[in-house]
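Data first, discussion second: the structure below is written as structure tokens.
In this text the structure is predicted, and so the values were computed from the model without any measurement.
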Amino acid sequence: IDIENIKNVPLILGERDIFKVATTLPGIKTTGEGSAGFNVRGGKDDQNLFLLDDAVLYNPSHFLGFFSSVNPFTTKKADIYKGSIPAEFGGRLSSVFDIKSKSGNTEKVSGEAGIGPVMSNVTLEIPVIKGKSSLLLGGRASYSDWILKAIKDSNLENSQASFYDILLKYNHQLSKKDNLETSFYYSHDKYSISSDSVYKYSNQLASVKWNHDFNEKNKSSFIITSSNYKFNIDYNSQPQKSFDYGYRINETQFIFKMKYIMNEKNVFNY
């Protein structure tokens with residue numbers, strides 16, 4: 001997906017969304033209106049792998065599925081594999097969404113911001129060592145409760161729905177042959193629609209990537225990633241019926257990739 005071109009695509013409430021653009025591609029469909037998840041070439045929505053800077057993103061949606069958890073302001077590129085999935089991505093049956101965040105500007109301070117009816121978005125790129133290292137800061141926050149309160153329905157008067165996410169990325173050119181990238185991402189959603197139950201979930205990702213070039217033909221990447229997903233339901237209506245239910249998923253990966261460039265037409269990855 002060309003990230004720059006999605007700025008010209010009209011989307012719900014004016015917010016750019018990588019995953020909504022993906023549904024315009026052949027073979028990719030949403031699981032339903034206003035819901036999260038994708039069916040890729042007939043596969044189920046839990047057979048898709050979402051990666052952000054090589055770390056697993058377990059829940060890629062915000063606000064009941066209307067927005068994606070990936071900030072388009074901080075995204076460099078998004079590759080979607082709908083078939084013939086490379087072995088390096090593991091054993092997902094349906095598809096892989098491989099998303100990479102961009103590196104910050106090493107020459108000057110720059111940024112981008114947007115204000116919408118539901119949320120605001122801001123991204124800042126700060127040089128740390130000019131020409132060598134930089135820091136990328138990106139964040140989004142919603143103020144969407146007013147939409148629910150504006151609906152003239154007594155069942156929705158006490159409803160709430162909000163979310164936020166942040167991404168930090170540090171990039172450092174150690175030498176002509178070595179480059180270090182570190183990323184941290186966190187998102188949090190909280191909603192309660194016409195009920196006494198409060199639903200919460202969060203994604204937390206961290207990755208460290210060291211790229212080393214042995215020579216012009218042999219290149220390598222050593223990657224460490226950590227993914228943490230939490231889900232919680234809190235019900236506090238009647239003392240005898242109240243409950244607090246939740247679970248957590250943790251995942252850590254160590255990945256070592258090698259690339260051999262035989263010529264202009266042939267490259268071996270292993």
* Okay, side chain of Asn179, backbone of His212: is any donor-acceptor separation there less than 3.5 Å? -> no
* Going through the distances and angles, do Ile99 and Thr75 end up as a side-chain contact (heavy atoms from CB on, under 4.5 Å)? -> CA-CA 7 Å; Ile99 302 165; Thr75 302; 3.7 Å; yes
* Asked: Under a 4.5 Å side-chain heavy-atom rule over Ile, Leu, Val, Met, Phe, Trp and Tyr, are Tyr199 and Phe243 clustered together?
  -> yes
* May I ask you to decide if Thr252's main-chain N or O and Ser226's side chain share a donor-acceptor pair within less than 3.5 Å? => no
* Asked: Rounded to the nearest 0.5 Å, how far does CG of Asp178 lie from NE2 of His172?
  -> 10.5 Å
* Grab the two heavy atoms, one from Lys217 and one from Asn215, that are nearest each other, plus how far apart they are. => N-OD1, 2.9 Å
* Where do Ile80 and Ile28 land on the side-chain contact (heavy atoms from CB on, under 4.5 Å) test, with the steps shown first? -> CA-CA 10 Å; Ile80 302 176; Ile28 303 178; 4.1 Å; yes
Please list every donor-acceptor pair under 3.5 Å in which a side-chain atom of residues 122-133 meets a protein atom from a residue at least two apart or in another chain.
unit_1 : atom_1 : unit_2 : atom_2 : d
Glu125 : OE1    : Asn105 : N      : 2.8
Ser133 : OG     : Ile129 : N      : 3.0

* Above 12 or not: heavy atoms from other molecules or residues under 6.0 Å from CD of Glu216? -> no
* Asked: Do the side chains of Met258 and Phe222 join up, straight or via other hydrophobic residues, at under 4.5 Å, putting them in one cluster?
  -> yes
* **CD/Gln240: more than 12 non-hydrogen atoms of other groups inside 6.0 Å** => yes
* Between Arg140 and Ser68, which heavy-atom pair has the shortest distance, and what is it? -> NH2-O, 2.8 Å
* For side chain to side chain donor-acceptor pair (under 3.5 Å), just list the numbers for Asn218 and Asp213, CA-CA rounded to whole Å, side-chain angles, deciding distance to a tenth of an Å, and then say yes or no. => CA-CA 6 Å; Asn218 291 280; Asp213 296 346; over 6 Å; no
* Structure fact -> Nearest heavy-atom contact between Lys102 and Leu136 is O-CD2, 3.0 Å
* In one Ile/Leu/Val/Met/Phe/Trp/Tyr side-chain cluster, 4.5 Å: Val267, Tyr260 -> no
* Structure fact -> Across all chains, not counting sequence neighbours, the side-chain contact (heavy atoms from CB on, under 4.5 Å) partners of Gln253 are Val56, Thr225, Glu251, Ile255
* **Nearest heavy atoms of Ser142 and Ala161, plus distance in Å** => OG-O, 4.4 Å
* **Where Lys209 and Ser221 come nearest, the two heavy atoms and their spacing** => CE-OG, 3.8 Å
* Is the backbone N or O of Ser101 less than 3.5 Å from a side-chain atom of Lys169, with the two atoms forming a donor-acceptor pair by type? -> yes
* Phe97 ring center near Phe38 ring center (under 6.0 Å) -> yes
* Asked: Can you get from Tyr191 to Tyr235 by hopping between Ile, Leu, Val, Met, Phe, Trp and Tyr side chains that sit under 4.5 Å apart?
  -> yes
* **pair Tyr143-Val118: side-chain heavy atoms closer than 4.5 Å** => no
* Mind checking the OH-OG spacing from Tyr245 to Ser197? Nearest 0.5 Å is all I need. => 13.0 Å
* Pair Tyr185, Ser207: side-chain N/O donor-acceptor within cut-off below 3.5 Å -> no
* Asked: Is there side-chain contact between Asn211 and Lys219, with at least one heavy-atom pair below 4.5 Å?
  -> no
* Kindly give the heavy-atom pair with the smallest separation between Ser61 and Tyr201, and that separation in Å. => O-OH, 2.9 Å
* NZ/Lys44: more than 12 non-hydrogen atoms of other groups inside 6.0 Å -> no
* Examine the side chains of Asn48 and Ser95 and answer whether a donor and an acceptor come within less than 3.5 Å of each other. => yes
* Hey, mind stepping through Leu57 and Val70 against side-chain contact (heavy atoms from CB on, under 4.5 Å) and telling me if it holds? -> CA-CA 9 Å; Leu57 180 65; Val70 179; 3.9 Å; yes
* **Phe254 CZ to Phe256 CZ distance, which is reported to the nearest 0.5 Å** => 14.5 Å
* Under 4.5 Å between side-chain heavy atoms, hopping through other hydrophobics if needed: is there a path connecting Ile249 to Tyr186? -> no
* Asked: If you measure from OG on Ser242 to CG on Asp234, what distance do you get to the nearest 0.5 Å?
  -> 8.0 Å
* **Under 3.5 Å: donor-acceptor pair, side chain of Asn203, backbone of Asn59** => yes
* Asked: For Val198 and Ile233, what are the C-alpha separation, side-chain angles and deciding distance, and is it a side-chain contact (heavy atoms from CB on, under 4.5 Å)?
  -> CA-CA 6 Å; Val198 178; Ile233 303 176; over 6 Å; no
* Could you state the interatomic distance from NZ (Lys177) to CG (Leu174), rounded to the nearest 0.5 Å? -> 14.0 Å
* Beyond-backbone contact of Phe19 with Pro60, side-chain heavy atoms, under 4.5 angstrom -> yes
* With distance as the sole test, does Ser94 use its side chain to make a donor-acceptor pair with the main-chain N or O of Val40 at under 3.5 Å? -> yes
* Going by an N to O cut-off under 4.0 Å, is there a salt bridge joining Lys100 and Asp54? -> yes
* Asked: Quick one: does Lys82's side chain have a donor or acceptor within less than 3.5 Å of a partner on Pro26's backbone?
  -> yes
* Using the benzene-type ring in the case of Trp, are the ring centres of Phe184 and Tyr170 under 6.0 Å apart? -> no
* Asked: For the side chain of Asn71 and the backbone of Phe73, is there at least one donor-acceptor N/O pair under 3.5 Å apart?
  -> yes
* Under a 4.5 Å cut-off applied to non-hydrogen side-chain atoms, are Gln47 and Arg92 in contact? -> no
* Nearest 0.5 Å please: distance from the OG1 atom of Thr23 over to the CD1 atom of Ile18. => 12.5 Å
* Asked: Hey, is the main chain of Gly42 close enough, under 3.5 Å, to the side chain of Asn39 for a donor-acceptor pair?
  -> no
* Please check if atom NZ in Lys190 has more than 12 non-hydrogen atoms from other residues, nucleotides or ligands closer than 6.0 Å. => no
* Asked: Using the benzene-type ring in the case of Trp, are the ring centres of Phe163 and His62 under 6.0 Å apart?
  -> yes
* Asked: Is the closest side-chain donor-acceptor distance between Ser183 and Asp53 under 3.5 Å?
  -> yes
